[in-house]
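For reference, the structure discussed in these notes is given below.
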Amino acid sequence: MSLSIEDYIVKEENPCTYSLADYTTETARWCKGCGGHGALGALQRMLRDNQEAPEDVICVSGIGCSSRFPHYLRTYGFHTLHGRALPVSVGVSLARPEKKLLTIMGDGDCFSIGGNHWLHTLRYNINAMVMVLDNEIYALTKKQTSPTSRLGTISNTTPRGSFLEPMNPLSIALGVTNISFIAQTATWLPGHMQATMDRAWKHKGLAFVRILQRCPIFMPGAFSGGNANFPAKFLESPNGIPVDKGILSNAPTVLHDPSDIHAAQSIAANAHKDLEPLGLIYLNTDVPTYNEVRYRNVATPNRATKAKLLEKYMDRYTVGAADSAE
Ligand SMILES: Cc1ncc(C[n+]2csc(CCOP(=O)(O)OP(=O)(O)O)c2C)c(N)n1
């Protein structure tokens, strides 16, 4: 029997369906038990469930264990510099507004060296999902105190215990002009984490998601070790994040209106003292995105005009131009 070329082509049942493999490069090289594995899996499942074309997604990160996401995610990626994921994200968002942007940082990356960028990017309200994997420690560099480390944390930088109370990223984010979305989830709650990412992904504007992350090697005590004893409460609202308690089956559910900034401020301020809130903390869909306001009343130049403008700009630095200026 003679075979035609058609017989050698593997036919997929539905060639337009993306599977998890389409969002995966290699096995992640994080420590055993690291919350990064769960977060990566939840993100890939969320992208798969939304059937996002991998080539439409750009993942930008800083430097740290958590910032290795672009290596493991089969999308466009940019592993930038420590603390600089957000300014790069603003540039990406303005240059390629048609792409879907997700930014991933660690707590040191975002709240410490990148703290100024964090505040301003929240205010810009660019179209992006911004996730911080907060393990309350610098993990990649093997245990230095971070801005969210608890008072008394013993680390390489504070061997006698840290001297300061941790910063509260939820309260700070709530104080920034133009903040439009704040949610919190945890890496040992895969269902809730995926639902949170899905809700954030569908938000127009900047969705700031703090993910409490297990780090069994450098911060095993944080978040009760990331187990069923973690003191948390789930926030429920009609337009919020579906409650999926996972192993926190005994945690209470409370009704919360995320459009009420005073209620959100109270929840955020008491997060460490009371039960840690999980779910949608704040939502304001009326804030314009920077992508909208930046180009309002500005004609976007076409490719040819852009090339001409660039040429004119570069001409300023040619020898001839310098000579003629003298
Ligand atoms: C400008 C600069 N300063 C310091 C470092 C060293 N450094 C690399 S990662 C890191 C901290 C990482 O901690 P975090 O952002 O919390 O991420 P994690 O590793 O815990 O995911 C530091 C200080 C660097 N790479 N660049």
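All heavy atoms count here, side chains included; hydrogens, waters and symmetry mates do not. Remember, it's 1-based here, ligands and their atoms both numbered in the order they're listed. For clarity, every value in this text was computed on a predicted model and none was experimentally measured.
- Neither the backbone nor the side chain of Leu81 has any atom closer than 4.0 Å to an atom of ligand 1 (non-hydrogen atoms only).
- Looking from atom 18 (P) of ligand 1 to the surrounding protein, the closest heavy atom is Cys65 N, 3.6 Å.
- Looking at atom 7 (N) of ligand 1, its nearest protein heavy atom turns out to be Thr141 CG2, 3.5 Å.
- Under 4.0 angstrom from ligand 1, the non-hydrogen atoms of Ile63 come from both its backbone and its side chain.
- Short contacts between ligand 1 and Leu140, defined as distances under 4.0 Å to a heavy atom of the residue, involve ligand atoms 9 (S), 19 (O).
- Under the 4.5 Å side-chain heavy-atom criterion for ILVMFWY residues, a single connected hydrophobic cluster contains both Ile179 and Leu170.
- The ligand atoms of ligand 1 that sit less than 4.0 angstrom from a heavy atom of Gly64 are 9 (S), 17 (O), 19 (O).
- Here the rule is side chain to side chain contact (heavy atoms under 4.5 Å, CB included) with Ser93, and of Val88, Val60, Leu101 only Leu101 fits it.
- Residues Ile267 and Leu235 meet the side-chain proximity criterion, which asks for heavy atoms closer than 4.5 Å.
- Not one N or O of Tyr138 is nearer than 3.5 Å to an N or O of ligand 1, by distance alone.
- The nearest heavy-atom contact from the protein to atom 26 (N) of ligand 1 is His82 CB, 3.4 Å.
- Dense packing is recorded around CZ of Phe69, with more than 12 heavy atoms of other residues, nucleotides or ligands lying under 6.0 Å away.
- Considering backbone and side-chain atoms together, Asp109 places an N or O closer than 3.5 Å to an N or O of ligand 1.
- His79 and Arg68 share no donor-acceptor pair across their side chains, judged by distance under 3.5 Å alone.
- The residue from Val132, Ile137, Ile113, Asn135 that puts a heavy atom closest to atom 1 (C) of ligand 1 is Ile113.
- Every residue was checked against the ring pair (Phe, Tyr, Trp, His ring centres under 6.0 Å) condition with Tyr23, not counting sequence neighbours, and none meets it.
- Considering only non-hydrogen protein atoms, atom 14 (P) of ligand 1 sits nearest to Gly108 N, 3.6 Å.
- A side-chain donor-acceptor contact under 3.5 Å links Ser146 and Asp107.
- Ranked by closest heavy atom to atom 21 (O) of ligand 1, the top entry among Ser66, Gly106, Ala85 is Ser66.
- Under a cut-off of 6.0 angstrom, the local environment of CZ in Arg123 is sparse, with at most 12 non-hydrogen atoms contributed by other residues, nucleotides or ligands.
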